[in-house]
There are 2 protein chains.
Amino acid sequence: MDKPTRTIISRRSRPAKEPLSKELIIKTALELLKSEGPSGLSMRKIAKALDTGPSSLYVYVTNLQELSAYVLDHGLGKMALPDVQEGSWKTNLFDALNSYLMVLYETPGIAELALTTIPVGPHSLALTEYILERLHEGGIRSTSAAWGVDLLLLYPASVAFEQASRNQKGSPLHALTASYQTLDASRYPLLAGLKDEMTSSGGKERFHWGLEVILQGILNKQD
Amino acid sequence: MDKPTRTIISRRSRPAKEPLSKELIIKTALELLKSEGPSGLSMRKIAKALDTGPSSLYVYVTNLQELSAYVLDHGLGKMALPDVQEGSWKTNLFDALNSYLMVLYETPGIAELALTTIPVGPHSLALTEYILERLHEGGIRSTSAAWGVDLLLLYPASVAFEQASRNQKGSPLHALTASYQTLDASRYPLLAGLKDEMTSSGGKERFHWGLEVILQGILNKQD
DNA sequence: ACCTGAACACCGTTCAAGT
DNA sequence: ACCTGAACACCGTTCAAGT
């Protein structure tokens, strides 16, 4: 996350303005994403925050898409992957994915990136590798493992993103809730009957349930 | 929902230019989304296609977000939900989700909407209700059913969206593939070993596998 | 009631020009 | 080599003004 080595440099000639760098751009972008949400992630806003023009950023970064991938990975740096020595493979797997979820909750903009950006970068890869290791320990390997990771990573991202959409005030949540309230019970009887279960985010319990479902399914399929 | 009464009007005075309407706007928007992809879904482009200014659209539609929800639902109108009389609940469930997937494949822009837009509207609701019915037939109900639908709907959308990202040429696919090729086998040994399975889209087989996993998981969890 | 022009406040990206 | 100003080609949304 932090690079404390940098602070030692401190040339006297420049008062506060650090020189531009890829690292600094990514960090600034992530801060903007945290403070302003998805719309904060714009070349122009990042440039302004760094006190330059937008064109200056293109020296360090190819385009916004690439920058977004870096920001995603940088954000994932906060994850805590549990010590392998401590618990069962399953506990560790769940804890890792929970840590992933927490990062996505904390900075909802990252959840959107996780869903729409292809995760390259060391932290994404480390998480994937970690999950593959746990699945391997649990006896799940090869194709099952490869396809399973996808499912296991997708779920937290979508849960976090849905939450984020729900918390936006201007968003279509109102439309959704309104629509569920108005639900024509004769046309959609089951949906109408389950509307409370569907609308409620469900919290930790629901998330855990989903992971269990996926994992049980994977285990079941290969026997 | 739909106002079919309108078609009867047909005044001779206007040669080809239909009068503006919510329906027409949604249809035009969907065509643009099909032909130009996600960037085609813009108020200005829709307006231009309808030979007006963007401000005219706001008479019929609150904003782009709301319009997107309508476009999503309109696109889902092409789904074919299998006749309940014919097959087992499981076959019907899989066929319905496959039909959903096909619509999303055909118009990749819709996949992105499915992932980022809260699905209100008759066709979305009909699909949800249909799935709940099949699950009910299969003995899955209440909370399991409510939470399960979420998982079952999420999966096709993400599969289609991933595919769409993969097929974009300018996209980070290159970066992904390159990154997977360059994968440091000593740092991420399992990932490196599975890179072919992970990169390949896998097609129908993989999709079916994923649905089975989710369904098996749900069935397993409630016993 | 419906439509429009023009404006406001934004975007990403490029490129010639400066230091 | 690095940075910048200015421009290009776009956005969504609003609103006074017209018919």
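Protein chains get the first letters and strands the later ones, always in sequence-line order, with residue 1 at the start of each.
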Open item on the list: Considering only residues two or more places apart or on different chains, which pairs with a residue in residues 93-114 of chain B satisfy ring-ring contact (aromatic ring centres under 6.0 Å, His included)?
Closed with: B/F94-B/H208
Open item on the list: Treating primed atoms plus P, OP1 and OP2 as sugar-phosphate and everything else as base, which nucleotides of nucleotides 12-19 of chain D get B, S or - for protein heavy atoms under 4.0 Å?
Closed with: BBBB----
Nearest whole angstrom, please: distance from the [atom2] of [N] to the [atom1] of [X].
{"X": "A/I46", "N": "C/dC10", "atom1": "CD1", "atom2": "C1'", "answer": "15 Å"}
{"X": "B/L57", "N": "C/dT4", "atom1": "CG", "atom2": "P", "answer": "10 Å"}
{"X": "A/K48", "N": "C/dA9", "atom1": "NZ", "atom2": "C1'", "answer": "10 Å"}
{"X": "B/L24", "N": "C/dC3", "atom1": "CG", "atom2": "C1'", "answer": "15 Å"}
{"X": "A/L50", "N": "D/dC3", "atom1": "CG", "atom2": "C1'", "answer": "13 Å"}
{"X": "A/L20", "N": "D/dC2", "atom1": "CG", "atom2": "C1'", "answer": "10 Å"}

- [ ] Go through the structure and list residues passing side chain to side chain donor-acceptor pair (under 3.5 Å) with B/T62, not counting sequence neighbours.
- [x] B/E66
- [ ] Not counting sequence neighbours, which residues clear salt bridge (Lys or Arg N to Asp or Glu O under 4.0 Å) with A/D150? List them please.
- [x] B/R206
Task: Residues which pass salt bridge (Lys or Arg N to Asp or Glu O under 4.0 Å) with A/R187, listed by chain and number, not counting sequence neighbours - done: A/D184
Open item on the list: Which residues pass the side chain to side chain contact (heavy atoms under 4.5 Å, CB included) test with A/A80, not counting sequence neighbours?
Closed with: A/S99
Open item on the list: Tell me every residue that passes side chain to side chain contact (heavy atoms under 4.5 Å, CB included) with B/K27, counting only those two or more places apart in sequence or in another chain.
Closed with: B/E23, B/H74
- [ ] Please work out the stems of DNA chain D from pairs that are Watson-Crick or G-U wobble with both distances under 3.5 Å, keeping only runs of three or more consecutive pairs.
- [x] C:4-8 with D:12-16, C:12-16 with D:4-8
Task: CG on A/L81 to CG on A/L127, rounded to 0.5 Å - done: 6.0 Å
Task: Residue list, ring pair (Phe, Tyr, Trp, His ring centres under 6.0 Å) with A/Y155, at least two apart or on another chain - done: A/F207
Open item on the list: Give me the distance, rounded to whole Å, that separates C/dA9 from D/dA9 when you measure between the P atoms they each carry.
Closed with: 23 Å
